[in-house]
Amino acid sequence: MKESLMDILCDPLDKSELELEVDERDGEEIIEGRLVGTVTGEVYPIEDGIPNLLPPDMREE
Amino acid sequence: MKGKEWYQADEVAQEYDAKRFSKGGRLIDRREKQAALDALGPVEGKDVLEIACGTGRFTVMLAERGANIVGLDISAAMLSQGREKARAAGVDDRIEFMRGDAARLPFPDDHFDAVFAMRFFHLADTPVKFLTEMARVSNEQVFFDTFNDRSTRVLYNWLLPMGSRLYSRDDVTRLLSDSNLTLDDEAHDFVFPYGFYRKIPNDIADEFRGLDRAILDSGLGEKLASVSYWDARV
């Protein structure tokens, strides 16, 4: 995902803000990292450039 | 949701386009893309969200026409097909793919100019919930298709891998009003259902498609069509 996507993404659970933590990037592109709900504390992983915003009850991992 | 596991399998995702849109399925692909383009109009510079984007058939097409588009799907396997397609088309700078739940979208209210879902509502166990959420994040347009319960598709439904939810006009009217949407335009097509076209070769498919069109044009169109496209406004 591109970092600019942060302008629109919000926590699927309560639509509150997310915080981006980056482990690996390629310019504007975030390859690995996570999005953390500033209110819910929920962690949404970014894997291979694709953010996983499935709520925790829908994740198979 | 029906078929959730099925769509998540790598081998299903890899073969999805080839299985569905080769042979007579080519006609379906073309018609569905036309329906999306007719409804969404010129998309250049528009912010668009596609729900259940799967392998990105529509996502990539709209990015090629200048839309800034987000493709959301539950399945990582389908999205990785989509991403390959976007890269091959050279439009990955205008597309973002992500995994998410269509009933709990990770976007603020009214963000997108258009939100659409193709081949999604026949798999939806809670359609009002999904359509309401699509309407929430759109500032103008919501577009989707349904498979109809009054058509020949009923005969074929038991052949589908996971069964399909079929909609009458009343179902759709209720669904729209429960989601606070207003119908703006509609189109109806395919007297012979998708499953039929998928099984026959191209040259025969073209002939049946001609017959299909003739029946639709005869005035029986809406009554016999197996697929309807619904274009709504918030």
Side chain, backbone, both or neither: which part of Leu13(A) has an atom under 4.5 Å from a heavy atom of chain B? side chain
Anything in residues 77-85 of chain B with a heavy-atom distance to chain A below 4.5 Å? Please list those residues in order.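 Checking residues 77-85 of chain B against chain A gives Leu79(B), Arg83(B).
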Would you mind checking which part of Leu72(B) comes under 4.5 Å of any heavy atom in chain A, side chain (CB onward), backbone (N, CA, C, O), both or neither?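 Neither part.
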Which answer fits Asp92(B), side chain, backbone, both or neither, if we ask what part of it has an atom under 4.5 Å from a heavy atom of chain A? backbone
Is the NZ atom of Lys129(B) crowded by more than 12 outside heavy atoms at less than 6.0 Å? no
How about Glu21(A): does its CD atom have over 12 heavy atoms from other parts shown lying under 6.0 Å from it? yes
Nearest non-hydrogen partners of [X] and [Y], listed with the distance:
| X | Y | answer |
| --- | --- | --- |
| Arg104(B) | Met58(A) | NH2-SD, 3.4 Å |
| Leu54(A) | Asp101(B) | CD2-N, 3.7 Å |
| Leu105(B) | Lys15(A) | O-NZ, 2.9 Å |

Test side-chain contact (heavy atoms from CB on, under 4.5 Å) applied to Pro106(B) and Leu35(A), Asp11(A), Leu53(A), the passing residue: Leu53(A)
Spell out the residues in residues 3-10 of chain A that have some non-hydrogen atom less than 4.5 Å away from a non-hydrogen atom of chain B, in order of number; otherwise answer 'none'.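 Leu5(A), Ile8(A), Leu9(A), Cys10(A), listed by number.
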Answer whether the closest heavy-atom distance between the side chains of Met1(A) and Met98(B) falls below 4.5 Å.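 They are not in contact (no side-chain heavy atoms under 4.5 Å apart), so the answer is no.
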